Amino acid sequence: MPRELVPENNIPDQRPSEANDEDSDQPQHEGTDGPEESSMSAEDENIMFNRLARRRAPRSKRDDLHPYTQTLVMSEVDSCNIIEEATFPPQERASKEKIVYRIRVCPELTLGIYTSHTGSEIATAETSSPVYSGAPERKQVLLGHIIATKTTNSVVTDDDMAIPSPDSPPDASPGHKELGRTVCIHSLAVLPKFQGQGLGKTLIKAFVARLQVQDVAERVALIAHEHLVPYYT
């Protein structure tokens, strides 16, 4: 099973705090010679349960997703294409041809963020694969992705954004450069319905951490609108 990246919410100490005689919900016992054991009434138990429930950290939409990350595979091209079309305007999104090329040539420079889901309301559910054969209704549903290549340049150029054509010369073809030390992020995208939940930040942190462990590059570069620069820095 994939390991969940998101730690569980810290649950506060659930032991009831000490209370003074005036504020205590415990029934008082007078006129006894010594300590008397007593069971808590059903009403008192309900009061205590409700107080403890209110002290728990509130659940978020992200908690219900249990998101996890892993490398993209070719069978997920259609899901990636759906995410690109839902996230970017036509002039900025990657074509399906470019998605295929980048996942095929350098899958190690891709990363997806997923949830295990049984419904069909997520845009990529129909193009997702079952988690395992024993439960075909439960699918590994792609919510967002990072797709990248490498370049020998220090910044992203037009050639880095392109892909080779059949007549491209082998020694000067555009696209991925295996010997490059700069990773070009072409797409960081999360389905609009799931934006604002930190999934994009989880993706970029996991992606950069993996690059550092593998030591495959010296820097990461991308092209972004000016108002989005603080997000990446």
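The structure displayed is predicted, hence computed values, not measured ones.
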Visitor: Distance alone, cut at 3.5 Å: any donor-acceptor contact between the side chains of T124 and T127?
Guide: no

Visitor: Tell me if a side-chain donor or acceptor on Y132 pairs with a main-chain N or O of R138 at a distance below 3.5 Å.
Guide: no

Visitor: Cut-off 3.5 Å, side chains only: do S116 and Q140 have a donor facing an acceptor?
Guide: no

Visitor: Compute whether any side-chain donor of one residue and acceptor of the other, for R102 and T149, lie under 3.5 angstrom apart.
Guide: no

Visitor: How long is the span from the CD atom in E76 to the OH atom in Y114, to the nearest 0.5 Å?
Guide: 3.5 Å

Visitor: Determine the minimum heavy-atom distance between Y101 and P174, stating which atoms define it.
Guide: OH-O, 4.1 Å

Visitor: With a 4.5 Å limit on heavy-atom distance, are the side chains of I185 and L109 in contact?
Guide: no

Visitor: Please determine whether residues V216 and I147 belong to a single hydrophobic cluster, defined as Ile, Leu, Val, Met, Phe, Trp and Tyr linked transitively by side-chain heavy-atom distances below 4.5 Å.
Guide: yes

Visitor: Report the distance from atom CD1 of I146 to atom CD1 of I204, rounding to the nearest 0.5 Å.
Guide: 4.0 Å

Visitor: Side chains of L72 and C80, heavy atoms from C-beta outward: is any pair under 4.5 Å?
Guide: yes

Visitor: If you count every heavy atom of other residues, nucleotides or ligands that lies below 6.0 Å from E97 atom CD, does the total exceed 12?
Guide: no

Visitor: Regarding E84 and H145, do their side chains bring together a donor and an acceptor under 3.5 Å, going by distance alone?
Guide: yes

Visitor: Below 4.5 Å, heavy atoms only, C-beta onward: do F194 and P67 meet side chain to side chain?
Guide: no

Visitor: Kindly say whether P89 contributes a backbone atom to a donor-acceptor pair with the side chain of E92 at under 3.5 angstrom?
Guide: no

Visitor: Restricting to non-hydrogen atoms, name the atom on S154 and the atom on R219 that form the minimum distance, rounded to 0.1 Å.
Guide: O-CD, 3.6 Å

Visitor: Between V141 and E126, is the side-chain contact (heavy atoms from CB on, under 4.5 Å) condition met? List the steps.
Guide: CA-CA 9 Å; V141 181; E126 294 299 323; over 6 Å; no

Visitor: Would you say T157 and D159 are linked by a side-chain donor-acceptor pair, where the criterion is simply a distance under 3.5 Å?
Guide: no

Visitor: Any donor and acceptor pair, going by atom type alone, linking the side chain of Q70 with main-chain N or O of I113 inside 3.5 Å?
Guide: no

Visitor: Under 4.5 Å between side-chain heavy atoms, counting indirect links through other Ile/Leu/Val/Met/Phe/Trp/Tyr residues: same cluster for V190 and V77 or not?
Guide: yes

Visitor: Between S187 and F88, which heavy-atom pair has the shortest distance, and what is it?
Guide: OG-CE1, 3.5 Å

Visitor: Output yes when a side-chain donor or acceptor of K150 lies under 3.5 Å from a complementary backbone atom of E178, and no otherwise.
Guide: yes

Visitor: Could you grab the distance from atom OG1 of T110 to atom CD1 of I99, nearest 0.5 Å is fine?
Guide: 11.5 Å

Visitor: Are side-chain heavy atoms of V220 and L211 found at a separation under 4.5 Å?
Guide: yes

Visitor: Heavy atoms, side chains only, cut-off 4.5 Å: are L191 and L142 in contact?
Guide: no

Visitor: Consider only side-chain N and O atoms of H117 and E137, and report whether a donor and an acceptor are under 3.5 Å apart.
Guide: no

Visitor: Starting from L222, can I reach L199 by hopping between I/L/V/M/F/W/Y residues whose side chains sit under 4.5 Å apart?
Guide: yes

Visitor: Would T71 and R210 count as having a side-chain donor-acceptor pair, cut-off 3.5 Å?
Guide: yes

Visitor: Which heavy-atom pair separates M74 from I103 by the least distance, and what is that distance?
Guide: SD-CG2, 3.6 Å

Visitor: Which heavy-atom pair separates A148 from V183 by the least distance, and what is that distance?
Guide: CB-CG1, 3.7 Å

Visitor: Any non-hydrogen side-chain atom of K98 less than 4.5 Å from a side-chain atom of H186?
Guide: no

Visitor: Tell me, yes or no, whether the heavy-atom count around Q91 atom CD, taken from other residues, nucleotides or ligands under 6.0 Å, exceeds 12.
Guide: yes

Visitor: Enter the distance from K193:NZ to Q197:CD here, rounded to the nearest 0.5 Å.
Guide: 10.0 Å

Visitor: Taking the side chain as everything from C-beta on, heavy atoms only, tell me whether I122 gets closer than 4.5 Å to L143.
Guide: yes

Visitor: Ignoring hydrogens and angles, tell me if any N or O in the side chain of K177 forms a donor-acceptor pair with the backbone of S173 under 3.5 Å.
Guide: yes

Visitor: Show the nearest heavy-atom pair for residues A206 and L111, with the distance to one decimal.
Guide: CB-CD2, 3.8 Å

Visitor: Have D160 and T151 got a donor and an acceptor in their side chains that come within less than 3.5 Å?
Guide: yes

